[in-house]
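We count ligands from 1, going down the list as the structure has it; atoms in each ligand are counted the same way. The chain is numbered in sequence order, starting from 1.
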Amino acid sequence: MSAPTPLSQKEYGQRRQAVLRALAPTGALLLPAARECLRNGDTHFPFRQSSDFLYLTGFQEPDAVLVLLPGRAAGEALLFCRDHDARRERYDGPRLGPEQAAEALGLDDAFPLSDIDDILPSLLEDRAQIYLPLGSDEAFEQQVQGWIEECRSRRGGPVGALELTDSGHVLHELRLKKSPGELRLMREAARISAEAHCRAMGRAAPGVPEYVLEAEIAHTFRSSGATGPAYPSIVGGGANACIMHYVDNAAPLPEGGLVLIDAGAEYQGYAADITRTFPVSGRFSDAQRQLYDLVYAAQEAAIHAVRPGATFNDPHLASQRVLIAGLIALDVLTGTVDEILAQGRAMPFLVHRCSHWLGLDVHDVGDYRFGDAWRILEPGMVLTIEPGLYFPAELPETPARFAGLGLRIEDDVLVTKTGFEVLTEGVPRRAEEIEALMQARRRAA
Ligand code: GLY
Ligand code: MN
Ligand code: MN
């Protein structure tokens, strides 16, 4: 299968045009790249570009600032980036450099980052609003304050206050709805992630350390062209599945237990997010199967609640109603679904909500509600559907037969014009299909 085409320069240009149209005519957007983060000595943590910056440039270097200036006759889209440095480039690899950057990225102009303090205040002279990410890079915010001060002194005396606005208000609405090009990349992230889950299922056996399954997943991601995991992979055997952010992945898989894997690849910046829960032995016990089928039914109800015009909360509510009805039928809860929902009495077992947006970030940007009103789903939005049930042994309400069981099923769902499309269908969800896949993979091993 051939790899999907990367996003075109034209698409990045269209995104910048959309931002330029959304800014106030006297506004200026100042968007910094992510910083390299020192781990120790001269070793850095793996670099991951800021998603907003990547969305508007496709540029993967640190130490850069994108400037968008609506209506500027001499050019609306400018970049400041690292100059060439022969010595550093021998260590870190080539830099694009300001001479090539404008043409390579389809921008109007590019300058060395070392000149930014000289150039930027004059670019702000006729501007009234500055859009920048607030609360994520304090040093950058201080630098912007310095440019504003410099601009004020150049304007010669007090001028109208330069209003600071969070750039997220403009950018994150645009990021929420995915283009056909983005969906191609998200489908690839989903395909690779589904394959990784299938392979990990084939490696499960009593006593096998959780990290062996994690390694199978990491191997599949990387050897399929993904950058790596979009978030730290969770491989929780037995009661470890009840720890939401379990990432030690170091315990042996328990005989007769379940294992929960929550793992997704990042492909050209875009995330997938899949969870499967399956029996270490390859066959669910009766108690495990009861709970699994319940979570499956809740997920089915939630997936079928995804359609344009539904609210973001509808799938969540659909899954909660099925889970609670099931817990009543299993004698875990008493009362009616409405009473239990209103009193929040199922929450110890349900723990988290059913969905979040998915895109360049695994918990992607975009408002979930406006005041008291939940957001309406629209074609092009992608969300996870991930109901779960958790019965930690320490919880007094946990029935003995379910003690230590934690289950979640998570898929990535696109809102289409008529309803939904599950992007992560490449890994089975039904209990019988999971059992069949595990038997087949073991026979093949
Ligand atoms: N993997 C993080 C989540 O499911 O939200
Ligand atoms: Mn998720
Ligand atoms: Mn997940």
Aromatic plane relationship, F140 with W147 - under 30° parallel, 30 to 60° tilted, over 60° perpendicular: perpendicular
- prompt: For the Mn ion (ligand 2), what is the closest N, O or S atom on D273?
  reply: OD2
- prompt: Does the side chain of D166 come under 3.5 Å of the side chain of Y131 through a donor N or O and an acceptor N or O?
  reply: no
Option passing ring pair (Phe, Tyr, Trp, His ring centres under 6.0 Å) with F349 (candidates F402, F391, Y390): F391
message: For Y12, does the six-membered ring have the charged nitrogen or CZ of R15 within the cation-pi criterion, i.e. under 6.0 angstrom from the centroid and within 45° of the normal?
response: yes
message: Between R276 and D411, does any NZ, NE, NH1 or NH2 come within less than 4.0 Å of an OD or OE carboxylate oxygen?
response: yes
Among T165, L29, V19, the one residue meeting side chain to side chain contact (heavy atoms under 4.5 Å, CB included) with V170: V19
- request: Could you grab the angle centred on the Mn ion (ligand 2), going from OE2 in E410 to NE2 in H356, to 10°?
  value: 130°
task: With a 4.0 angstrom cut-off on heavy atoms, strictly below it, pick out the residues next to ligand 1 and order them by chain and number.
output: Y231, D262, D273, H356, H363, E386, E410
message: Under 2.8 Å from the Mn ion (ligand 3), can any N, O or S atom of E386 be found?
response: no
message: Angle between ring planes, F420 versus H304, binned at 30° and 60°: parallel, tilted or perpendicular?
response: perpendicular
